[in-house]
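Chain identifiers are assigned alphabetically (A, B, ...) following the order of the sequence lines, protein sequences preceding nucleic acid strands; residue numbering begins at 1 within each chain. Not measured: the values here are computed from a predicted model.
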Protein chains: 2
Amino acid sequence: MIDPQAVSQGAPGSPDPGAGAAGAATSSAGSPLPPLTERQRAILRLIVQEYVQTGRPVGSKGLTERHAVGVSPATIRNEMAGLEEAGYLQSPHTSGGRVPTDQGYRYFVHHLMGAVELPSVDQIMIRHQFRQVEVQLEQWVELAASVLAETAGIVSVVTAPRPAVPRLRHFELIALQPRLALLILVTHESLVRQVMVRWPEDTDQESLSRLADALVSEVRGLTADEIAARARGGDGPARFVLGQLEGTLRGLDAVGQTEVRHSGLENILGLPEFAGADAQGLLDLFRGGAFLGAVLPQLGAGPDVQVFIGDENPADALRRFGVVLSTYGVDGSVTGILGVVGPTRMAYGRSISSVRYMARLMSDLVADLSSA
Amino acid sequence: MIDPQAVSQGAPGSPDPGAGAAGAATSSAGSPLPPLTERQRAILRLIVQEYVQTGRPVGSKGLTERHAVGVSPATIRNEMAGLEEAGYLQSPHTSGGRVPTDQGYRYFVHHLMGAVELPSVDQIMIRHQFRQVEVQLEQWVELAASVLAETAGIVSVVTAPRPAVPRLRHFELIALQPRLALLILVTHESLVRQVMVRWPEDTDQESLSRLADALVSEVRGLTADEIAARARGGDGPARFVLGQLEGTLRGLDAVGQTEVRHSGLENILGLPEFAGADAQGLLDLFRGGAFLGAVLPQLGAGPDVQVFIGDENPADALRRFGVVLSTYGVDGSVTGILGVVGPTRMAYGRSISSVRYMARLMSDLVADLSSA
DNA sequence: GCTAGCACTCGTTCCCGCCGAGTGCTAACG
DNA sequence: CGTTAGCACTCGGCGGGAACGAGTGCTAGC
């Protein structure tokens with residue numbers, strides 16, 4: 001049903017091939033890689049799986065002890081040496097086992113990962129949680145973040161859906177104080193915004209309602225630009241309201257202020273690779289959306305999940321992470337981004353299937369709510 | 001202008017007096033404490049200040065080197081011994097300096113802390129930030145959390161204001177889909193809620209507007225109970241809407257679902273006392289409002305700042321923390337809670353003044369927005 | 001082509017001794 | 001009588017060294 005191969009690569013080549021690799025020939029530069037033998041593939045798969053699970057470098061002896069490979073440690077060593085030369089593994093120290101390189105993970109994701117559909121237990125659990133609540137689109141975002149973090153077991157990031165060209169569907173004015181009103185607007189995509197506006201003169205609910213009634217049919221279905229044009233002709237209060245509507249609509253598609261929800265930080269704070277260092281740094285990374293600002297430009301518009309592993313990440317701050325992202329929404333009309341971030345040694349299979357599933361779910365929700 | 005003494009104590013006595021104290025006589029149990037001499041007070045003040053700043057136990061020699069006390073280390077040692085016997089200090093190890101006890105902090109907060117007004121630089125900075133934004137009351141909450149965390153330099157917690165008995169001021173219905181509508185209601189206190197409601201039959205904006213217009217004057221100013229009574233007489237759609245209004249109003253004052261915003265976790269993650277251990281535990285503590293659930297029952301309704309130090313905290317999870325809290329809002333009508341949480345060795349002066357200032361600011365905002 | 005054996009590397013852990021900061025006590029001093 | 005100087009003692013932290021174990025590359029034999 002779902003094609004496991006349909007996972008696109010973040011960046012086509014490692015931007016800095018000379019980074020880690022020990023003294024040996026790093027290969028993979030000019031010459032085409034010889035295809036891996038079936039046994040090498042099996043060993044690579046085992047190493048990735050084991051390292052993902054334990055986080056400790058895996059050695060030849062341990063491998064043969066824990067798994068029923070048919071050969072001796074020495075043979076494994078030979079094959080490992082080959083894999084290392086080809087760039088799929090690296091040894092962090094002279095002794096102490098080997099660890100997959102970014103390229104190794106990449107190969108695993110492309111060729112070795114088995115079925116990538118989310119287990120139906122999880123699917124049911126997720127659908128159940130989403131059925132519990134009956135709220136607005138933008139609260140789905142929060143729920144999506146928390147469910148995604150829980151399902152994938154790492155940190156999730158979700159942006160609210162953003163319409164390409166928002167069109168006004170409806171608005172209301174509510175008096176709060178004689179000179180203070182609440183402006184509520186709804187777009188075609190069912191996004192809702194409330195803004196407080198300081199009213200230039202004393203007013204009351206009745207006159208505000210009259211004003212809204214009079215204007216609403218005039219501006220229904222218009223974009224910010226069209227409303228601006230309309231505003232130039234209007235008189236005092238009407239003109240004022242139109243200006244506010246225009247500004248709020250423009251705010252909706254402003255890239256800069258996209259808010260990024262995250263969840264599940266506690267999932268990775270305990271991991272050994274982030275233990276000693278910078279719990280602070282991690283928090284900072286996800287706060288304030290500095291995170292997405294870095295990744296977003298690289299994100300293709302394609303409907304499928306994209307994977308960035310280690311050095312493939314555009315931003316320096318993300319070099320130590322693996323990132324699995326997808327867009328969601330209705331093509332060309334309203335889109336958002338969701339995904340997960342974890343250590344490079346994350347369970348890519350589960351991450352990818354979780355992200356893909358959640359993206360579908362959110363796309364369906366957005367589609368349901370946006371009126372043509 | 002502000003009375004530094006007007007800080008009430010969280011819990012009257014330490015619930016577990018035998019906890020830390022070494023073998024010596026723990027005193028402070030039955031006999032009234034002899035008042036501290038002026039020199040002891042000065043030394044205690046120095047120790048608290050120094051420990052708050054550095055986080056390392058402070059010894060007699062270091063004290064005399066870093067501060068121009070007029071006496072020798074030996075004298076300091078004698079006084080320290082007295083302070084330890086009286087329960088204000090404790091020595092974590094045989095050597096290595098002394099550390100204030102909860103009681104020591106308490107004495108400091110009550111009798112040794114100097115001026116507690118927030119420096120006007122900060123006051124100006126805060127007012128400035130609040131003037132920048134023009135949003136709804138509930139977004140003030142988020143801003144308050146972040147400003148408070150920044151000003152006090154530790155973790156802040158802020159709950160949204162909650163009306164004692166919410167009364168409806170206005171509501172609107174907006175059609176999203178033929179069978180899906182958005183219900184927006186505003187209370188007298190200017191709290192806004194949006195709920196999506198699944199409509200029992202196909203409808204459109206026009207009929208929804210008519211319905212809302214007809215009903216709104218009927219229910220203006222009513223409480224949930226009064227609306228429920230009114231609903232019993234209504235017919236189909238009206239009755240349905242009244243039911244939704246009632247439910248949403250009830251949700252507003254439900255204690256259980258009070259949402260707690262926090263900010264500034266990164267400020268304390270770096271501290272030595274939380275370094276090794278449980279970044280995870282810390283996150284968990286503040287997520288999901290489990291935190292306030294524990295403290296809230298203990299919180300007096302008094303208008304002033306309350307301080308809980310270490311063991312004075314009602315919840316076990318907070319035994320390692322100092323907590324400074326205040327209510328804010330309009331007495332008896334709409335109230336929220338805000339405060340900061342940090343290690344017991346926090347800068348109480350700054351925390352208390354920050355919390356007090358922010359509580360005033362938020363109270364003013366709430367008062368401005370709530371129509372009599 | 002696979003495997004057993006072997007010498008070697010290197011990170012980890014534990015132990016031990018040193019150092020420094022701090023303490024309590026006692027005796028001397030003004 | 002309060003204050004101070006001196007002293008023996010305690011204890012945590014740090015650094016070096018030994019023992020250990022996991023892993024490696026290489027070579028020779030099956």
Side-chain angles (χ1 to χ4, degrees), chain A residues 21-25 34 36-40 42-44 46-47 50-51 54-86 88-101 272-273 275-276, chain B residues 20-25 34 36-44 46-47 50-51 54-86 88-101 272-273 275-276:
Chain A
L36 297 182
T37 67
E38 197 48 50
R39 192 166 67 186
Q40 282 176 316
I43 290 175
L44 181 55
L46 276 182
I47 291 177
E50 180 138 335
Y51 184 64
T54 69
R56 283 198 307 267
V58 0
S60 55
K61 194 161 148 225
L63 246 198
T64 57
E65 283 164 3
R66 283 184 291 275
H67 302 92
V69 278
V71 296
S72 81
T75 309
I76 304 281
R77 281 204 285 280
N78 287 335
E79 300 287 23
M80 279 181 168
L83 285 169
E84 179 161 359
E85 180 140 4
Y88 296 104
L89 297 179
Q90 71 188 84
S91 8
H93 310 291
T94 311
S95 81
R98 285 174 167 94
V99 158
T101 60
E273 38 264 86
Chain B
L36 297 182
T37 68
E38 198 47 51
R39 191 165 69 186
Q40 282 177 314
R41 292 159 51 94
I43 290 174
L44 180 54
L46 276 183
I47 292 177
E50 181 138 334
Y51 185 64
T54 68
R56 284 197 306 267
V58 359
S60 55
K61 194 159 148 225
L63 246 197
T64 57
E65 281 165 5
R66 282 183 293 275
H67 302 92
V69 278
V71 296
S72 78
T75 308
I76 303 280
R77 280 204 286 280
N78 287 334
E79 299 288 22
M80 279 181 168
L83 286 169
E84 178 160 0
E85 180 141 1
Y88 297 104
L89 297 179
Q90 70 188 82
S91 8
H93 311 291
T94 310
S95 83
R98 286 175 167 94
V99 158
T101 60
E273 38 265 85

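Heavy atoms of Ser60(B) sit under 4.0 angstrom from primed sugar atoms or phosphate atoms, though from no base atom. Using a 4.0 Å heavy-atom distance criterion, Arg39(A) is classed as a sugar-phosphate-only contact.
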Stepwise side chain to side chain contact (heavy atoms under 4.5 Å, CB included) check, Val71(A) with Thr64(A): CA-CA 8 Å; Val71(A) 296; Thr64(A) 57; 5.6 Å; no
Arg98(A) vs Leu83(A), side chain to side chain contact (heavy atoms under 4.5 Å, CB included): CA-CA, chis, key distance, verdict: CA-CA 10 Å; Arg98(A) 285 174 167 94; Leu83(A) 285 169; over 6 Å; no
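Residue Tyr51(B) comes nearest to Pro57(B) through the heavy atom pair CE1-N, 3.9 Å, listed as atom of the first residue, atom of the second, then distance. Closest heavy-atom contact between Pro73(A) and Ser60(A): O-CB, 3.6 Å. Closest approach of Ser91(B) to Glu84(B), counting heavy atoms only: OG-OE2, 2.9 Å. Residues Met80(B) and Val58(B) approach most closely at CE-O, 3.9 Å, considering heavy atoms.
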Letter per nucleotide, 5' to 3', of nucleotides 13-19 of chain D [B base touched, S only sugar-phosphate touched, - untouched; heavy atoms, 4.0 Å]: -------
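Where Glu79(B) and Thr94(B) meet DNA chain D, the nucleotide closest to each residue was compared, and Glu79(B) sits on the side nearer the 5' end. With the nearest nucleotide of DNA chain D identified for both Ala74(B) and Met80(A), Ala74(B) has the one nearer the 5' end.
Taking atom CZ of residue Arg77(B) and atom P of nucleotide dG2(D), one finds them 18 Å apart after rounding to whole Å. Here dA5(D) presents its P atom at 13 Å from CG of Asn78(B), a figure rounded to the nearest Å.
Nucleotides of DNA chain C lying under 4.0 Å from heavy atoms of chain B occupy a range whose first and last members, 5' to 3', are dA21(C) to dG24(C).
Put simply, Thr75(B) has a side-chain N or O that comes within less than 4.0 Å of OP1 or OP2 on dT4(D).
Side chain of Thr101(B) to backbone of Tyr88(B): a donor-acceptor contact under 3.5 angstrom is found.
Between Ile76(B) and the choices Ile43(B), Ile47(B), Leu46(B), the side chain to side chain contact (heavy atoms under 4.5 Å, CB included) rule is met once, by Ile43(B).
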